[in-house]
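Remarks on the structure that follows.
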Amino acid sequence: MTRPTPAVGNRSAGRNGWAQPPAPPAGNQASARRERQARWALVAFGLVTLGDLAGVAAGSDLAHTALKPLLMPALALYVVLSGGPRLLVAALAFGWGGDTLLLADADPAFLAGMASFAAGHVCYLALFRRHGSGHPRARGAALVLAYGVALGVTVALLWPDLPADMRIPVAGYSLLLTAMAGGATTLGLTAATGGALFLLSDTLIATDVADWPQAPRPDFWIMLTYLAAQALLARSVLTGGALTSGSAVARR
């Protein structure tokens, strides 16, 4: 014969172990843990970004060489933990490839790095097609037109000053980059800003290749605009595409 459970208040029962608060569902715990991990990954990206920019501003090649290869992996980890699409991770992986290759001061490495970034732009274009509105709004359309004019003028001005073996690759890459920046306008203001900054960053690189006069510490402005561009593009896909970690879209 079992003894009846003592009739005690909730506070007493809690002290004696008879009444416990309901445990949160396991799925909620896992989701909260991933959110915390994603935040820490974003913090890591921010810290590495600050370290790299500080190193570039100080003229430290050692700091830049050590930290630059860590930038896109940290941002990609944030995307993965946020349930982002695989295409976005691929875009950042190609960005990492370009970052690493451009550390070498040689024309073959520069061309390979440019090809890696070009592959990243193709990934972004596919993402904008999948998650964007399909067509830019009125302001976005005007911006796309302005990009097209800027592309033609910039390539025409740079062409005589570019090394002969760089002219066709730079022109082709510039066309793809401009298409990516234009496509970003279909995903909203955040993506459009990221696309514009990417365009600015790579234009600064092109003027350096053409041996045009540069602002003081040109590498700092190139990295600042590039990192802001990648962060804004990643964020726009994560939010503008209404992605969730458990959705089928998020796993593509």
Side-chain angles (χ1 to χ4, degrees), residues 41-42 44-53 56-57 64 67-79 82 84-85 87-103 113-129 131-132 136 140 143-144 146-147 150-151 154 170 173-209 215 217-241:
L42 187 59
F45 171 71
L47 291 175
V48 178
T49 294
L50 289 176
D52 183 63
L53 291 175
V56 172
H64 186 53
L67 293 175
K68 190 180 183 185
L70 303 179
L71 291 162
M72 290 305 104
L75 186 56
L77 179 60
Y78 166 69
V79 169
S82 298
L87 264 177
L88 179 53
V89 178
L92 297 174
F94 284 122
W96 172 82
D99 288 345
T100 305
L101 287 164
L102 291 188
L103 286 172
M114 190 162 55
S116 189
F117 280 121
H121 295 326
V122 172
C123 293
Y124 276 127
L125 283 168
L127 285 166
F128 300 150
R129 183 177 179 84
H131 302 299
L143 191 59
V144 170
Y147 284 161
L151 170 67
T154 302
V170 168
Y173 175 81
S174 298
L175 180 60
L176 182 58
L177 170 65
T178 304
M180 184 280 293
T185 62
T186 66
L187 204 59
L189 180 60
T190 300
T193 304
L197 288 173
F198 218 133
L199 193 59
L200 174 59
S201 179
D202 283 2
T203 300
L204 292 174
I205 294 176
T207 60
D208 184 50
V209 173
R217 295 293 180 199
D219 289 349
F220 175 83
W221 303 110
I222 289 170
M223 288 304 298
L224 177 64
T225 50
Y226 164 69
L227 292 171
Q230 290 280 36
L232 289 172
L233 288 171
R235 185 62 182 167
S236 69
V237 173
L238 290 174
T239 58

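Quick caveat, the model's predicted, so the values are computed rather than measured.
Among all heavy-atom pairs drawn from L88 and A234, the shortest one is CD2-O, 3.8 Å. Closest approach of L71 and F45 over heavy atoms only: O-CD1, 3.4 Å. Closest approach of G98 to S116, counting heavy atoms only: N-OG, 3.4 Å.
Using a 4.5 Å cut-off on side-chain heavy atoms (C-beta onward), V122 and F94 make no contact. Between V56 and R217, the closest side-chain pair of non-hydrogen atoms is not below 4.5 Å. At a threshold of 4.5 Å between non-hydrogen side-chain atoms, the residues T193 and L197 count as touching. Residues Y124 and L177 form no side-chain contact, since every pair of their non-hydrogen atoms from C-beta on lies 4.5 Å or further apart. Taking 4.5 Å as the limit, some side-chain heavy atom of V237 sits within range of a side-chain heavy atom of P85. At least one side-chain heavy atom of R235 sits under 4.5 Å from a side-chain heavy atom of Y78. Counting heavy atoms from C-beta on, the side chains of M72 and V89 never come closer than 4.5 Å.
Between Y173 and H121, the ring planes lie tilted relative to each other; the angle falls in the 30° to 60° range.
With ring centers used as reference points, F198 lies under 6.0 Å from Y226.
In terms of modelled atom types and a separation under 3.5 Å, the side chain of T154 and the main chain of L151 share no donor-acceptor contact. Looking at T185, its side chain never comes within 3.5 Å of a backbone N or O of A192 through a donor-acceptor pair.
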Next item on the list: Start with the C-alpha distance between L92 and V79, add both sets of side-chain angles, then the distance that settles side chain to side chain contact (heavy atoms under 4.5 Å, CB included), and finish with yes or no.
Entry: CA-CA 9 Å; L92 297 174; V79 169; 3.8 Å; yes

